[in-house]
Amino acid sequence: MRETPRAEPPQPRPHRAFEHTAGASCSGTPHRSDGRPPHTPRGARQPDPLGRPGTTPPVPGRPALFSALVALAVVTWQVLVHGPLARLDERVSRSLVDTVPRPLSELASDLGNMTLALPVLACAMAYAVWRGRRAAALYAGLAMAAVPLLVVPLKEWTARPGPLEPWAQGYYPSGHTATAAVAYFGAAFLVSHRLIPVAAALTALTGTGLILRGFHWPLDVLASVALCLPLLRWPVFAARYGRAAPDPRQREGTWGTPHSGTPSRSEDGPTS
């Protein structure tokens, strides 16, 4: 009686790779014995730290930062030479001042006070430290500390008078708007990106209140927003890349290690 020949296990063939092989290129073996997953896990994908196409929003990219710096330079030049843009800004401001009740405009402008904005950012920094994101909290604090270092020299250099106080100087750019933008957006980046619309609304209310009350010209507010985009780059970058490292057991569990109850394909030997 003839014996049925047993099927031989697949043999590696040099210079040939199977389509389902996830090992090294041209490994020649149909089994994943090299322990590498077939695809990059979604949680391990990192966006480009420079804000290039494909970066997870809302990281401001290079075009946005370049546009903000160009806008800041143009507006500052117009304010210094009292050009047509500055004259148009003054006419628009005079038509907007006191178009709403002053208590409302003052309430909105007070959102940029340091006594209100700084505690919000401090609470968000404490939360980030508690969650293990110390680098993100540090960068947010540095961004806020940089606000007066940039705003005060610009105020002294431009010496722009105020809408309601032409005898006073130092209104460009708006320090309240810069404080509100860095504090509220920094807090949103540290706590949850779902709070970014809230931060945008609070910053917009601050700038609008300052204009309607006559505390600042519209270009003062616009320049502060352009100035804050590079500052907000720091907490955005750190919030994205400065998080605590995930638990290796949880990462392995997503790929079918004994932690998830499913044997990993990387641990399977050749099947006969």
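Note that the structure is a prediction, hence the values are computed from the model and not measured. In what follows, residues are counted from 1 in the order of the sequence shown.
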Please report the interatomic distance [atom1]([X]) to [atom2]([Y]), rounded to the nearest 0.5 Å.
X: Ile211; Y: Thr177; atom1: CD1; atom2: OG1; value: 7.5 Å
X: Gln169; Y: Thr158; atom1: CD; atom2: OG1; value: 9.0 Å
X: Leu231; Y: Leu150; atom1: CG; atom2: CG; value: 5.5 Å
X: Glu165; Y: Phe215; atom1: CD; atom2: CZ; value: 8.5 Å
X: Lys155; Y: Tyr172; atom1: NZ; atom2: OH; value: 10.5 Å
X: Met114; Y: Met144; atom1: CE; atom2: CE; value: 7.0 Å

For this session: Determine the sole option in Thr76, Val70, Val74, Val75 for which the side-chain contact (heavy atoms from CB on, under 4.5 Å) test with Leu72 is passed.
Result: Thr76
Can you find a heavy atom in the side chain of [X] that is under 4.5 Å from one in the side chain of [Y]?
X: Arg102; Y: Asp98; result: yes
X: Pro84; Y: Gln78; result: yes
X: Met125; Y: Leu138; result: no

Exercise. What class does the angle between the rings of His216 and His176 fall in, given that below 30° is parallel, 30 to 60° is tilted and above 60° is perpendicular?
Worked result: tilted
Co-membership, hydrophobic cluster, residues [X] and [Y], 4.5 Å side-chain:
X: Tyr139; Y: Trp130; result: no
X: Leu111; Y: Leu210; result: no
X: Val152; Y: Leu227; result: no
X: Tyr171; Y: Leu164; result: no

For this session: Write out all pairs satisfying side chain to side chain donor-acceptor pair (under 3.5 Å) with one or both partners inside residues 116-129, taking only residues at least two apart or from two chains.
Result: Tyr127-Arg131
Are any side-chain N or O atoms of [X] and backbone N or O atoms of [Y], one a donor and one an acceptor, separated by less than 3.5 Å?
X: Asp220; Y: Ser174; value: no
X: Ser95; Y: Val92; value: yes
X: Ser93; Y: Asp89; value: no

For this session: Verify the distance criterion only: is there a donor paired with an acceptor across the side chains of Tyr184 and Thr206 at less than 3.5 Å?
Result: no
For this session: Using the side-chain contact (heavy atoms from CB on, under 4.5 Å) rule, take Arg213 and Val100 through it: C-alpha gap first, then chi angles, then the decisive distance, then the call.
Result: CA-CA 8 Å; Arg213 180 60 181 84; Val100 299; over 6 Å; no
